[in-house]
Amino acid sequence: MPPPLPVARTVAELRVAVAGWKRAGERVAMVPTMGALHEGHLSLVTLARTRAERVVASVFVNPTQFGPNEDFDAYPRDEQRDAALLAGAGCDLLYAPGVAEMYANGFSTTVTVSGVTEHLDGIARPGHFAGVATVVTKLLLQCGPDLAVFGEKDYQQLQVIKRLVRDLDIPVEVLGAPTARAEDGLALSSRNAYLTPPEREIAGRLNRALADAVDRLREGVSVERVEATGRAALERAGFQKTDYFEVRHAETLERLDPGPLQAPARVLAAAIIGRTRLIDNMAV
(Lines give C-alpha, C1' and ligand atoms only; values in the text may rest on other atoms or scores of the structure.)
Protein backbone atom coordinates (compact mmCIF):
# COMPACT_ATOMS: atom_id res chain seq x y z
CA MET A 1 0.00 0.00 0.00
CA PRO A 2 1.42 3.44 -0.92
CA PRO A 3 2.10 5.92 1.91
CA PRO A 4 -0.57 8.55 2.64
CA LEU A 5 -0.65 11.31 0.06
CA PRO A 6 0.49 14.74 1.32
CA VAL A 7 -2.30 17.32 1.18
CA ALA A 8 -1.96 21.09 0.66
CA ARG A 9 -4.96 23.16 1.80
CA THR A 10 -3.65 26.63 1.01
CA VAL A 11 -2.00 28.40 -1.91
CA ALA A 12 1.05 29.04 0.28
CA GLU A 13 1.48 25.32 1.07
CA LEU A 14 1.08 24.40 -2.59
CA ARG A 15 3.65 26.95 -3.75
CA VAL A 16 6.22 25.85 -1.17
CA ALA A 17 6.02 22.25 -2.43
CA VAL A 18 6.15 23.19 -6.12
CA ALA A 19 9.01 25.67 -5.59
CA GLY A 20 11.08 22.94 -3.90
CA TRP A 21 10.60 20.58 -6.83
CA LYS A 22 11.47 23.26 -9.35
CA ARG A 23 14.64 24.20 -7.44
CA ALA A 24 15.63 20.55 -7.80
CA GLY A 25 15.16 20.86 -11.57
CA GLU A 26 12.03 18.71 -11.64
CA ARG A 27 9.21 19.23 -14.13
CA VAL A 28 5.77 19.61 -12.52
CA ALA A 29 2.40 18.52 -13.96
CA MET A 30 -1.06 19.39 -12.65
CA VAL A 31 -4.29 17.41 -13.01
CA PRO A 32 -7.28 19.56 -11.96
CA THR A 33 -10.36 17.58 -10.87
CA MET A 34 -13.58 17.96 -8.89
CA GLY A 35 -12.99 14.66 -7.10
CA ALA A 36 -15.27 11.58 -7.14
CA LEU A 37 -12.37 10.04 -9.02
CA HIS A 38 -12.59 7.12 -11.44
CA GLU A 39 -10.23 5.36 -13.84
CA GLY A 40 -10.51 8.24 -16.30
CA HIS A 41 -9.03 10.67 -13.78
CA LEU A 42 -6.31 8.21 -12.83
CA SER A 43 -5.37 7.81 -16.50
CA LEU A 44 -4.68 11.57 -16.54
CA VAL A 45 -2.29 11.16 -13.60
CA THR A 46 -0.60 8.24 -15.37
CA LEU A 47 -0.17 10.32 -18.51
CA ALA A 48 1.14 13.26 -16.48
CA ARG A 49 3.77 11.01 -14.89
CA THR A 50 5.17 10.21 -18.33
CA ARG A 51 5.73 13.93 -18.96
CA ALA A 52 6.89 15.22 -15.55
CA GLU A 53 8.80 14.10 -12.46
CA ARG A 54 6.14 15.46 -10.10
CA VAL A 55 2.34 15.43 -10.30
CA VAL A 56 -0.12 17.59 -8.34
CA ALA A 57 -3.82 16.73 -8.50
CA SER A 58 -6.39 19.21 -7.27
CA VAL A 59 -9.78 18.28 -5.86
CA PHE A 60 -12.18 21.21 -5.67
CA VAL A 61 -15.91 21.13 -6.37
CA ASN A 62 -16.15 24.56 -7.91
CA PRO A 63 -19.47 26.27 -7.05
CA THR A 64 -19.16 28.94 -9.73
CA GLN A 65 -19.48 26.46 -12.62
CA PHE A 66 -22.81 25.04 -11.42
CA GLY A 67 -26.11 26.66 -12.37
CA PRO A 68 -28.84 27.36 -9.79
CA ASN A 69 -30.76 24.15 -10.62
CA GLU A 70 -27.76 21.88 -11.13
CA ASP A 71 -26.20 19.23 -8.89
CA PHE A 72 -23.65 21.15 -6.79
CA ASP A 73 -25.04 19.91 -3.47
CA ALA A 74 -25.52 16.35 -4.72
CA TYR A 75 -22.12 16.09 -6.47
CA PRO A 76 -20.29 13.13 -4.86
CA ARG A 77 -17.48 13.99 -2.43
CA ASP A 78 -15.07 11.54 -0.75
CA GLU A 79 -11.64 13.08 -0.26
CA GLN A 80 -10.20 10.12 1.67
CA ARG A 81 -11.05 7.74 -1.17
CA ASP A 82 -9.77 10.20 -3.78
CA ALA A 83 -6.47 10.62 -1.93
CA ALA A 84 -5.94 6.85 -1.73
CA LEU A 85 -6.61 6.45 -5.46
CA LEU A 86 -4.26 9.30 -6.35
CA ALA A 87 -1.50 7.87 -4.16
CA GLY A 88 -1.87 4.52 -5.90
CA ALA A 89 -1.61 6.22 -9.30
CA GLY A 90 1.67 7.87 -8.39
CA CYS A 91 0.49 11.38 -7.56
CA ASP A 92 2.88 13.39 -5.35
CA LEU A 93 0.54 15.96 -3.80
CA LEU A 94 -3.18 16.55 -3.40
CA TYR A 95 -4.23 20.20 -3.48
CA ALA A 96 -7.63 20.39 -1.75
CA PRO A 97 -8.50 24.01 -0.99
CA GLY A 98 -11.76 25.10 0.59
CA VAL A 99 -14.15 27.58 -1.01
CA ALA A 100 -12.82 30.42 1.18
CA GLU A 101 -9.25 29.75 -0.01
CA MET A 102 -10.32 29.87 -3.66
CA TYR A 103 -12.82 32.72 -3.38
CA ALA A 104 -11.90 34.99 -0.49
CA ASN A 105 -14.46 37.42 0.91
CA GLY A 106 -15.03 40.16 -1.66
CA PHE A 107 -13.79 38.09 -4.65
CA SER A 108 -15.08 39.92 -7.73
CA THR A 109 -13.10 38.79 -10.79
CA THR A 110 -14.36 36.55 -13.60
CA VAL A 111 -12.43 35.19 -16.57
CA THR A 112 -14.62 35.11 -19.67
CA VAL A 113 -13.56 33.45 -22.94
CA SER A 114 -15.62 34.47 -25.95
CA GLY A 115 -16.17 32.57 -29.19
CA VAL A 116 -15.57 28.96 -28.24
CA THR A 117 -17.93 29.24 -25.23
CA GLU A 118 -20.90 30.65 -27.15
CA HIS A 119 -22.56 27.44 -28.29
CA LEU A 120 -23.16 23.83 -27.17
CA ASP A 121 -22.70 23.78 -23.36
CA GLY A 122 -22.38 27.55 -23.41
CA ILE A 123 -26.06 27.68 -24.37
CA ALA A 124 -27.22 24.65 -22.37
CA ARG A 125 -25.42 25.75 -19.17
CA PRO A 126 -25.32 29.57 -19.02
CA GLY A 127 -22.41 30.86 -16.95
CA HIS A 128 -20.75 27.45 -16.75
CA PHE A 129 -17.65 28.32 -18.75
CA ALA A 130 -17.06 31.58 -16.92
CA GLY A 131 -16.86 29.48 -13.75
CA VAL A 132 -14.56 26.94 -15.41
CA ALA A 133 -12.28 29.58 -16.94
CA THR A 134 -11.99 31.48 -13.67
CA VAL A 135 -11.19 28.48 -11.48
CA VAL A 136 -8.74 26.94 -13.97
CA THR A 137 -6.92 30.26 -14.36
CA LYS A 138 -6.62 30.46 -10.56
CA LEU A 139 -5.41 26.87 -10.23
CA LEU A 140 -2.74 27.33 -12.90
CA LEU A 141 -1.51 30.59 -11.35
CA GLN A 142 -1.56 29.11 -7.83
CA CYS A 143 0.43 26.02 -8.82
CA GLY A 144 2.58 27.28 -11.70
CA PRO A 145 2.94 23.84 -13.34
CA ASP A 146 4.92 23.17 -16.50
CA LEU A 147 2.12 20.95 -17.80
CA ALA A 148 -1.63 20.62 -17.13
CA VAL A 149 -3.61 17.55 -18.23
CA PHE A 150 -7.34 17.57 -19.02
CA GLY A 151 -9.57 14.86 -20.46
CA GLU A 152 -10.99 15.09 -23.97
CA LYS A 153 -14.40 13.94 -22.71
CA ASP A 154 -15.02 17.58 -21.77
CA TYR A 155 -13.86 18.65 -25.22
CA GLN A 156 -15.38 22.12 -25.26
CA GLN A 157 -13.87 22.78 -21.83
CA LEU A 158 -10.47 21.67 -23.16
CA GLN A 159 -10.70 24.14 -26.05
CA VAL A 160 -11.73 26.92 -23.63
CA ILE A 161 -8.69 26.22 -21.44
CA LYS A 162 -6.31 26.13 -24.41
CA ARG A 163 -7.68 29.48 -25.54
CA LEU A 164 -7.39 31.21 -22.16
CA VAL A 165 -3.84 29.91 -21.64
CA ARG A 166 -2.87 31.25 -25.05
CA ASP A 167 -4.65 34.58 -24.69
CA LEU A 168 -3.42 35.29 -21.14
CA ASP A 169 0.17 34.11 -21.81
CA ILE A 170 0.07 31.60 -18.95
CA PRO A 171 3.34 29.64 -19.23
CA VAL A 172 1.93 26.11 -19.16
CA GLU A 173 1.55 23.34 -21.73
CA VAL A 174 -2.05 22.08 -21.92
CA LEU A 175 -2.34 18.42 -22.84
CA GLY A 176 -5.60 16.70 -23.81
CA ALA A 177 -5.91 13.03 -22.83
CA PRO A 178 -8.06 10.42 -24.61
CA THR A 179 -11.47 9.67 -23.11
CA ALA A 180 -11.52 6.62 -20.82
CA ARG A 181 -14.49 4.36 -21.53
CA ALA A 182 -16.41 1.45 -20.04
CA GLU A 183 -16.63 -1.85 -21.94
CA ASP A 184 -19.74 -0.73 -23.83
CA GLY A 185 -18.10 2.57 -24.79
CA LEU A 186 -19.78 4.86 -22.24
CA ALA A 187 -17.41 7.68 -21.32
CA LEU A 188 -16.36 7.41 -17.69
CA SER A 189 -17.82 10.23 -15.59
CA SER A 190 -18.40 10.91 -11.90
CA ARG A 191 -22.05 11.56 -12.76
CA ASN A 192 -22.48 8.01 -14.06
CA ALA A 193 -23.03 7.11 -10.40
CA TYR A 194 -26.48 8.73 -10.67
CA LEU A 195 -27.64 6.19 -13.29
CA THR A 196 -30.06 3.42 -12.33
CA PRO A 197 -29.36 -0.01 -13.93
CA PRO A 198 -31.96 0.50 -16.72
CA GLU A 199 -30.62 4.03 -17.36
CA ARG A 200 -27.06 2.70 -17.44
CA GLU A 201 -28.00 0.30 -20.26
CA ILE A 202 -29.50 3.15 -22.27
CA ALA A 203 -26.53 5.43 -21.53
CA GLY A 204 -24.17 3.13 -23.45
CA ARG A 205 -26.06 3.90 -26.66
CA LEU A 206 -24.76 7.50 -26.68
CA ASN A 207 -21.34 6.23 -27.69
CA ARG A 208 -22.88 4.09 -30.45
CA ALA A 209 -24.76 7.08 -31.89
CA LEU A 210 -21.51 9.07 -32.00
CA ALA A 211 -19.56 6.23 -33.61
CA ASP A 212 -22.32 5.85 -36.19
CA ALA A 213 -22.15 9.56 -36.97
CA VAL A 214 -18.38 9.41 -37.46
CA ASP A 215 -18.75 6.46 -39.88
CA ARG A 216 -21.45 8.25 -41.89
CA LEU A 217 -19.43 11.47 -42.12
CA ARG A 218 -16.44 9.51 -43.41
CA GLU A 219 -18.73 7.96 -46.03
CA GLY A 220 -19.64 11.44 -47.27
CA VAL A 221 -23.10 11.80 -45.74
CA SER A 222 -23.98 15.46 -45.17
CA VAL A 223 -23.41 17.12 -41.79
CA GLU A 224 -27.07 18.15 -41.64
CA ARG A 225 -28.33 14.62 -42.20
CA VAL A 226 -25.86 13.08 -39.74
CA GLU A 227 -26.94 15.50 -37.01
CA ALA A 228 -30.64 14.78 -37.57
CA THR A 229 -30.01 11.02 -37.59
CA GLY A 230 -28.02 11.27 -34.36
CA ARG A 231 -30.72 13.19 -32.53
CA ALA A 232 -33.34 10.69 -33.68
CA ALA A 233 -31.17 7.77 -32.53
CA LEU A 234 -30.88 9.20 -29.02
CA GLU A 235 -34.64 9.73 -28.83
CA ARG A 236 -35.26 6.12 -29.91
CA ALA A 237 -32.67 4.90 -27.41
CA GLY A 238 -34.70 6.34 -24.55
CA PHE A 239 -33.01 9.63 -23.68
CA GLN A 240 -35.59 12.14 -22.44
CA LYS A 241 -33.86 15.17 -23.90
CA THR A 242 -30.99 15.92 -26.25
CA ASP A 243 -29.34 19.28 -25.58
CA TYR A 244 -27.30 18.94 -28.76
CA PHE A 245 -25.93 16.43 -31.26
CA GLU A 246 -23.74 18.48 -33.57
CA VAL A 247 -20.74 18.33 -35.88
CA ARG A 248 -18.34 21.19 -35.22
CA HIS A 249 -14.93 22.41 -36.36
CA ALA A 250 -12.35 20.49 -34.32
CA GLU A 251 -10.53 23.58 -32.99
CA THR A 252 -12.89 26.56 -33.09
CA LEU A 253 -16.12 24.55 -32.56
CA GLU A 254 -17.74 26.76 -35.19
CA ARG A 255 -20.66 25.48 -37.25
CA LEU A 256 -19.71 23.66 -40.46
CA ASP A 257 -21.39 23.76 -43.85
CA PRO A 258 -24.45 21.47 -43.94
CA GLY A 259 -23.06 19.34 -46.80
CA PRO A 260 -20.32 16.67 -46.72
CA LEU A 261 -17.46 17.28 -44.32
CA GLN A 262 -14.73 19.62 -45.59
CA ALA A 263 -12.64 20.24 -42.44
CA PRO A 264 -11.31 18.43 -39.34
CA ALA A 265 -14.32 17.96 -37.10
CA ARG A 266 -15.67 16.73 -33.80
CA VAL A 267 -19.09 15.21 -33.19
CA LEU A 268 -20.37 16.38 -29.80
CA ALA A 269 -23.47 15.35 -27.90
CA ALA A 270 -25.20 16.08 -24.62
CA ALA A 271 -28.27 14.13 -23.55
CA ILE A 272 -30.31 13.63 -20.40
CA ILE A 273 -31.65 10.42 -18.94
CA GLY A 274 -33.34 10.44 -15.54
CA ARG A 275 -31.46 13.00 -13.46
CA THR A 276 -28.17 12.46 -15.29
CA ARG A 277 -26.80 14.66 -18.05
CA LEU A 278 -24.21 12.86 -20.17
CA ILE A 279 -21.75 14.46 -22.58
CA ASP A 280 -19.42 12.79 -25.05
CA ASN A 281 -17.64 13.45 -28.33
CA MET A 282 -15.62 11.79 -31.06
CA ALA A 283 -13.06 13.00 -33.56
CA VAL A 284 -13.67 12.66 -37.29
Side-chain angles (χ1 to χ4, degrees), residues 40 43-44 47 113-126 128-129 132-133 149-167 173-189 191-192 202-273 277-284:
S43 73
L44 305 184
L47 177 59
V113 180
S114 61
V116 71
T117 64
E118 293 169 4
H119 27 246
L120 303 171
D121 268 7
I123 295 172
R125 303 182 68 189
H128 170 68
F129 285 122
V132 169
V149 184
F150 298 86
E152 288 187 348
K153 182 185 79 72
D154 298 289
Y155 189 78
Q156 188 175 13
Q157 171 181 282
L158 176 62
Q159 299 311 110
V160 169
I161 292 165
K162 286 182 175 180
R163 185 68 56 86
L164 76 85
V165 163
R166 185 194 73 182
D167 290 354
E173 176 190 355
V174 176
L175 181 64
T179 301
R181 298 185 179 276
E183 282 187 16
D184 64 349
L186 177 66
L188 298 186
S189 168
R191 289 185 170 96
N192 290 354
I202 292 170
R205 300 175 195 172
L206 177 58
N207 167 71
R208 285 174 237 163
L210 288 166
D212 241 15
V214 169
D215 288 343
R216 291 165 66 83
L217 288 165
R218 287 174 175 160
E219 292 166 0
V221 178
S222 73
V223 167
E224 188 174 51
R225 186 172 171 191
V226 166
E227 290 177 339
T229 301
R231 287 191 295 270
L234 294 185
E235 185 177 347
R236 285 195 308 273
F239 287 90
Q240 283 110 334
K241 180 185 177 187
T242 300
D243 281 344
Y244 55 81
F245 190 104
E246 296 183 9
V247 184
R248 295 274 180 160
H249 188 281
E251 182 179 348
T252 66
L253 298 183
E254 292 292 335
R255 268 284 190 195
L256 298 172
D257 291 338
L261 205 57
Q262 301 293 329
R266 206 92 184 181
V267 187
L268 303 103
I272 295 169
I273 180 167
R277 184 177 186 269
L278 302 174
I279 63 169
D280 201 353
N281 67 89
M282 284 190 184
V284 186

Original post:
Can D280 and R181 be said to form a side chain to side chain contact (heavy atoms under 4.5 Å, CB included), step by step?
Top reply: CA-CA 10 Å; D280 201 353; R181 298 185 179 276; 2.7 Å; yes
Residue pair [X] / [Y]: nearest heavy atoms and the distance that separates them:
X: H249; Y: A263; answer: CD2-CB, 4.2 Å
X: L158; Y: G151; answer: CB-O, 4.5 Å
X: A283; Y: R218; answer: O-NH2, 4.0 Å
X: F239; Y: L278; answer: CE2-CD1, 4.1 Å
X: A182; Y: L188; answer: N-CD2, 3.7 Å
X: L268; Y: Y244; answer: O-CD1, 3.6 Å

Let me confirm one number: the [atom1]-[atom2] distance from [X] to [Y], rounded to the nearest 0.5 Å.
X: T229; Y: R236; atom1: OG1; atom2: CZ; result: 8.0 Å
X: R277; Y: S189; atom1: CZ; atom2: OG; result: 11.0 Å
X: Q159; Y: L164; atom1: CD; atom2: CG; result: 11.5 Å
X: L217; Y: L261; atom1: CG; atom2: CG; result: 5.5 Å
X: D154; Y: I279; atom1: CG; atom2: CD1; result: 4.0 Å
X: T242; Y: R231; atom1: OG1; atom2: CZ; result: 8.5 Å

Would one find more than 12 heavy atoms of other residues, nucleotides or ligands at under 6.0 Å from atom [atom1] of [X]?
X: E118; atom1: CD; result: yes
X: R255; atom1: CZ; result: yes
X: E251; atom1: CD; result: no

Side chain to side chain contact (heavy atoms under 4.5 Å, CB included) between R216 and R225, worked out:
CA-CA 9 Å; R216 291 165 66 83; R225 186 172 171 191; 3.7 Å; yes
Determine whether R248 and H119 satisfy the following criterion, side chain to side chain contact (heavy atoms under 4.5 Å, CB included), listing intermediate values before the conclusion. CA-CA 10 Å; R248 295 274 180 160; H119 27 246; 3.4 Å; yes
Using modelled atom types and a 3.5 Å cut-off, is there a donor and acceptor pairing between side-chain atoms of [X] and backbone atoms of [Y]?
X: D184; Y: L186; value: yes
X: D243; Y: A269; value: no
X: N207; Y: A187; value: no
X: E227; Y: E224; value: no
X: Y155; Y: A250; value: yes
X: Q156; Y: V116; value: yes

| query | Heavy-atom distance under 4.5 Å between the side chains of D121 and F129, does that happen here? | reply |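 Yes, their side chains come closer than 4.5 Å.
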- Query: Can you tell if the side chain of D257 reaches within under 4.5 Å of the side chain of V223, non-hydrogen atoms only?
  - Reply: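 The answer is no, as the side chains (C-beta and beyond) never meet within the 4.5 Å cut-off.
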